[in-house]
Asks: 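Attaching a single structure in structure tokens format; questions to follow.
Residue numbers run from 1 in the order of the sequence given. Hydrogens, waters and symmetry mates are skipped; everything else that's a heavy atom, side chains included, is used. Source: prediction; values computed, not measured. Just so you know, ligand 1 is whichever comes first in the structure, and atom 1 is the first atom listed for that ligand.
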Amino acid sequence: WGTDGHSVVAPVVPELPPAAAPRAPTPLGLLAELTYRCPLHCTYCANPINLAGYRDELDTRAWYRVLDEARALGVLQVHFSGGEPLLRRDLIDLVRHAHRLGMYVNLVTSGIPLAAGALAGLAAAGLDHLQLSIQDARPTEADAVAGIPAAHARKLAVAEQARLLGLALTANAVLHRGNVGRLVDIAALAAAMGADRVELAHTQYYGWALRNRAALMPTAEQVATARSDAALARQRYGDQLEIVHVLADYHTGTAKPCMDGWGTRQLVVAPTGDVLPCLAAAQLPGLVPVSVRDQPLHDIWYDSPAFNRFRGTDWLPEPCQSCALREVDFGGCRCQAYQLTGDPGATDPACHLSPHHDRLVALSTADPAAVAVPRRMR
Ligand code: SF4
Ligand code: FES
């Protein structure tokens, strides 16, 4: 934001590029990672470890073009994310541009920093939904995870602004060994915040979270309790609050259909303009992302080797190739397969049928007697 509280880039009336001939698959969602800069230091962050490699961010006009090209491709939802997207001074312009294109606009944020009146400006520009992270139900513990003082109180103030503005609000809490015991309290906090929905998502181990896996991993007992606590919370809040409890695939014995299938429904544009099939794919060996600086999004989505490498099911190895669930989970997550086996084309070890499932099992059970491992804040 400028010092007068207004954005510093004049809005531009969008011009849609000529529609390309429709081809399958059509992407529905764009994760626009505007920046990896963030004032918070959460140990479970899924951002890449090499944050210094992402300082050359796309400018406003480049993002306008990305949004235009995404809409022309068929994208209906944009999730402005990061890092912390509020750090982009042009956020309001990007929200307005996406709204004018007819997209459903979601802001994935910690709520920090949010200047007075900024949320009202974003709502007026066309923001449809706010996804606000909370770290814990207890302020002291929440601020310790965020790594800055009074973060919790500031988030509650943002939620109150969202409520007054009538914005759709999802509270999002990442669950880990240090807070999963307060799942019901976190649901209660979300209800008190006036959220429509709370996502209670166990840590997914990518980026900084992978580095901190040993410290974040809950015990088997905690995982079992979390299931019953989520059921209790659902019973307690009924229709008042939608409760989405997402167990980590480390604890389910099944592989998740990561990104709804590689290159099928979602695409990610990193702060520098690299286009990826998922937010962690930059780590995969031999995967060369193409940037929106170099090619149109249409060509990257349909024709780049990165998007075609694991698209569909023809590439699947056994036991996936002959499995009844291959069109359901597409063999699981490519990044997790790489992280645990060294082969991004392997069956995801989260699946109990994977020949490497025992590796994941060995990593998925925290020793209840172990002292907390020091964590590296991002
Ligand atoms: Fe999914 Fe492959 Fe496991 Fe079948 S074998 S459930 S396709 S990961
Ligand atoms: Fe990359 Fe799952 S995070 S495929």
Asks: What I want to find out is whether Asp329 reaches Lys256 closely enough, with some N-O distance under 4.0 Å, to be called a salt bridge.
Replies: no

Asks: Tell me the protein N, O or S atoms under 2.8 Å from atom 1 (Fe) of ligand 1, in chain and number order.
Replies: Asp329 OD1, Asp329 OD2

Asks: List ligand 2 atoms under 4.0 Å from Cys258, heavy atoms only on the residue side.
Replies: 2 (Fe), 3 (S), 4 (S)

Asks: Give the C-alpha distance, both sets of side-chain angles, the deciding distance and a yes or no for side chain to side chain contact (heavy atoms under 4.5 Å, CB included) between Cys351 and His357.
Replies: CA-CA 6 Å; Cys351 175; His357 185 56; 5.8 Å; no

Asks: Quick one: do the Arg213 and Tyr250 side chains pair a donor with an acceptor below 3.5 Å?
Replies: yes

Asks: Please check if any side-chain donor atom of His129 sits under 3.5 Å from a side-chain acceptor atom of Thr170, or the reverse.
Replies: yes

Asks: Hey, are Arg71 and Glu69 close enough for a salt bridge, meaning a charged N less than 4.0 Å from a carboxylate O?
Replies: no

Asks: Is there a donor in the side chain of Glu141 and an acceptor in the side chain of Asn179, or the other way round, less than 3.5 Å apart?
Replies: no

Asks: Please identify which atoms of ligand 2 are closer than 4.0 Å to at least one heavy atom of Cys278.
Replies: 1 (Fe), 3 (S), 4 (S)

Asks: Using 30° and 60° as the class limits, which term best fits the ring planes of Phe310 and Trp262: parallel, tilted or perpendicular?
Replies: perpendicular

Asks: List ligand 2 atoms under 4.0 Å from Cys335, heavy atoms only on the residue side.
Replies: 1 (Fe), 3 (S), 4 (S)

Asks: Quick one: which of Ala324, Pro319, Gly253, Pro317 has a heavy atom closest to atom 5 (S) of ligand 1?
Replies: Pro319

Asks: Identify each donor-acceptor pair in which a side-chain atom of residues 227-235 lies under 3.5 Å from a protein atom, sequence neighbours left out, and give them as a table.
Replies:
{"unit_1": "Ser228", "atom_1": "OG", "unit_2": "Thr225", "atom_2": "O", "d": "2.9"}
{"unit_1": "Arg234", "atom_1": "NE", "unit_2": "Ile243", "atom_2": "O", "d": "3.3"}

Asks: Nearest to atom 4 (S) of ligand 2, what protein heavy atom do you find, and at what distance?
Replies: Arg334 N, 3.4 Å

Asks: Please list, in number order, the atoms of ligand 2 under 4.0 Å from a heavy atom of Cys333.
Replies: 2 (Fe), 3 (S), 4 (S)

Asks: Between atom CD of Gln339 and atom SG of Cys333, what is the distance when rounded to the nearest 0.5 Å?
Replies: 7.0 Å

